[in-house]
Amino acid sequence: MKLTFLLLAALLGLAAAHVAMPHHPLSDAAIDHLNSQKSTWKAGRNFSPDISMKYIKRLLGARRGPRPKELEPPKLKMTEKHLQAGSIPKEFDARKQWPNCPTINEIRDQGSCSSSWAIGAVGAMSDRICIASKGLDQVHLSAQDLLTCCDTCDTWGDGCDGGSIDGAWRYWTHYGIVTGGNYNTSQGCLDYTIAPCEHHTTGDRQPCGGERGRLPICEQRCQKESGIYYPSDLHFGRNYYWVSGVENIQRELMTNGPLEVEFKVYADFPNYKSGVYHYLSGKNMGSHAARLIGWGEENGTPYWLIANSWNSDWGDNGFFKIRRGTDECGIESYVIGGLPRY
């Protein structure tokens, strides 16, 4: 009887947590409401309260289709390299493990474009190229190239309408991706052409919440000032694969580097500031993609460490932690990696 009562109480508590947010998601009242629940994370102001939720949805755009056959089997086959990684530590941070790979610590800014699927992909690919080369090949792959040229990424219109992460990794292996810097940096073959924006802080970037960013057509040639020949700048993946299971994800991360993950975003998530996120309240707004770079435990709660792409003003300097081991928001259900071709 006692066990039944405890189980019922737990189920009721879970049901009570998954309720509609009683206030506008970006309002001060919503932030206060989230913090009043005394959970494992703190909410705070990341976006101006007058920004529309339509704009927030525009920051997502990852699409999950049927899992391609190339990504099977569902369990990653442990290679000798994986097994040599040894026991799984309590904490792991790719930034500390590979300090000579600067892209691991980078927070990109997707601007007013549903490009998280592409930015998460090229970020993890750049990290993995550096790691595989032992720091000798420090490339910054171009999100612009992937966004404009991947016609197999299940995009609607152009890449700023969203796309699939498995399509991004497939494109890398079949067609290659050139280098490119962030907006207006003139680094590499093709810079990102969607301007970054200020969410709520005062700075030199334009305010967020404007019109949807638009990309040029795929031209497969570098910006003139780069002096780089497009075909000779292409970097290819050797393979790509889905990783399933917490331990497999950990071993793959500590062996080959950051991975791309896809997860559901609810209306409370944009207010994340610190701690270990888990869903409290609000509607499902869509799927988002980001870069998994580590794990750990905070006040007894296990977490994944994730690099977002909403600039460094958002969350914890652009990063966030999310509960590990419970497939929170589907974060452990769609994890993709791959190895560079040499």
Side-chain angles (χ1 to χ4, degrees), residues 17-18 21-49 51 53 56 59-60 89-97 104-110 116 119-120 123 196-203 205 208 246 250 253 258-259 261-282 284-285 288-332:
H18 290 65
M21 191 174 291
H23 310 281
H24 184 279
L26 300 181
S27 66
D28 290 337
I31 292 172
D32 291 342
H33 168 73
L34 292 171
N35 287 331
S36 71
Q37 298 185 55
K38 295 180 170 51
S39 70
T40 56
W41 62 283
K42 296 295 183 184
R45 177 137 320 279
N46 287 312
F47 295 92
S48 172
I51 286 181
M53 296 310 290
I56 301 297
L59 294 178
L60 310 179
K90 186 176 181 179
E91 296 183 354
F92 181 84
D93 188 331
R95 298 171 296 184
K96 297 177 181 178
Q97 180 68 20
I104 299 176
N105 197 42
E106 181 185 29
I107 296 295
R108 299 200 192 195
D109 190 333
Q110 63 191 78
S116 66
I119 288 179
C197 60
E198 299 288 351
H199 295 311
H200 76 280
T201 55
T202 301
R205 292 172 286 199
C208 291
V246 171
Q250 289 174 307
L253 174 54
L259 295 144
V261 294
E262 183 182 320
F263 59 101
K264 295 177 182 177
V265 168
Y266 293 88
D268 59 352
F269 179 74
N271 295 316
Y272 171 88
K273 270 298 182 185
S274 63
V276 182
Y277 173 81
H278 64 91
Y279 172 71
L280 291 175
S281 61
N284 180 2
M285 300 176 64
H288 188 49
R291 196 162 42 96
L292 171 60
I293 68 166
W295 69 81
E297 188 174 300
E298 182 173 295
N299 298 322
T301 302
Y303 66 79
W304 296 112
L305 178 61
I306 313 287
N308 202 3
S309 53
W310 292 351
N311 83 40
S312 57
D313 292 335
W314 180 87
D316 186 3
N317 296 311
F319 297 90
F320 69 95
K321 298 170 183 173
I322 187 169
R323 190 160 54 184
R324 169 170 52 93
T326 59
D327 197 22
E328 185 66 39
C329 299
I331 193 78
E332 292 154 9

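The analysis underlying the following values was restricted to heavy atoms, covering all of them including side chains, and did not include hydrogens, waters or symmetry mates. Treat the numbers as computed from the prediction; the structure is a model and nothing was measured.
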query: Are the side chain of N311 and the backbone of D109 linked by a donor-acceptor contact shorter than 3.5 Å?
result: no
message: For K321 and Y272: C-alpha separation, side-chain torsions, deciding distance, then whether side chain to side chain contact (heavy atoms under 4.5 Å, CB included) applies.
response: CA-CA 9 Å; K321 298 170 183 173; Y272 171 88; 4.1 Å; yes
- prompt: Are T40 and R323 close enough, and set up right, to give a side chain to side chain contact (heavy atoms under 4.5 Å, CB included), and what steps lead you there?
  reply: CA-CA 9 Å; T40 56; R323 190 160 54 184; 5.9 Å; no
query: Between S309 and Q110, is any side-chain donor less than 3.5 angstrom from a side-chain acceptor?
result: yes
task: Measure from the side-chain N and O atoms of S27 to the backbone N and O of A30, and report whether any donor-acceptor pair falls under 3.5 Å.
output: yes
message: Working to the nearest 0.5 angstrom, can you tell me the gap between H33 NE2 and D268 CG?
response: 9.0 Å
- request: Might you work through the side chain to side chain contact (heavy atoms under 4.5 Å, CB included) test for R324 and Q250, ending with a clear yes or no?
  value: CA-CA 11 Å; R324 169 170 52 93; Q250 289 174 307; 3.5 Å; yes
field: W295 side chain vs P89 backbone, donor-acceptor pair below 3.5 Å
entry: yes
message: Quiz question: by atom type and distance under 3.5 Å, do the side chains of E332 and W304 form a donor-acceptor pair?
response: yes
message: For a side chain to side chain contact (heavy atoms under 4.5 Å, CB included) check, start with the C-alpha distance between L34 and W41, then their side-chain angles and the critical distance, and finish with the verdict.
response: CA-CA 9 Å; L34 292 171; W41 62 283; 4.0 Å; yes
field: Interatomic spacing from OG in S48 to CG in L26 - rounded to 0.5 Å
entry: 8.5 Å
field: Rounded distance [0.5 Å steps], CG in N308 versus CG in N317
entry: 12.5 Å
- request: Return yes if some donor-acceptor pair links the side-chain N/O of D93 with the main-chain N/O of G294 below 3.5 Å, else return no.
  value: no
- prompt: Which is it for F320 and Y277 under the ring pair (Phe, Tyr, Trp, His ring centres under 6.0 Å) test, yes or no, and what are the steps along the way?
  reply: CA-CA 8 Å; F320 69 95; Y277 173 81; 7.3 Å; no
task: Fit a plane to each ring of Y279 and Y266, take the angle between them on a 0 to 90° scale, and name the class: parallel (under 30°), tilted (30 to 60°) or perpendicular (over 60°).
output: tilted
- prompt: Should the pair W314 and W310 be assigned to parallel (<30°), tilted (30 to 60°) or perpendicular (>60°) ring geometry?
  reply: perpendicular
query: Is there a side-chain contact between P25 and M285 (heavy atoms, below 4.5 Å)?
result: no
- prompt: Any sub-3.5 Å donor-acceptor pair from R45's side-chain atoms to F47's backbone N or O?
  reply: yes
query: Any side-chain heavy-atom pair from H24 and P49 closer than 4.5 angstrom?
result: no
field: Spatial distance of atom CD1 (I331) from atom NZ (K264) [nearest 0.5 Å]
entry: 12.0 Å
- request: Find out whether P270 and N46 are in side-chain contact, i.e. whether some heavy atom of one side chain is under 4.5 Å from a heavy atom of the other.
  value: no
Whether R95 side chain and E106 backbone form a donor-acceptor pair below 3.5 Å: no
- prompt: Hey, what do you get for SG (C329) to NE2 (H288), rounding to the nearest 0.5 Å?
  reply: 12.0 Å
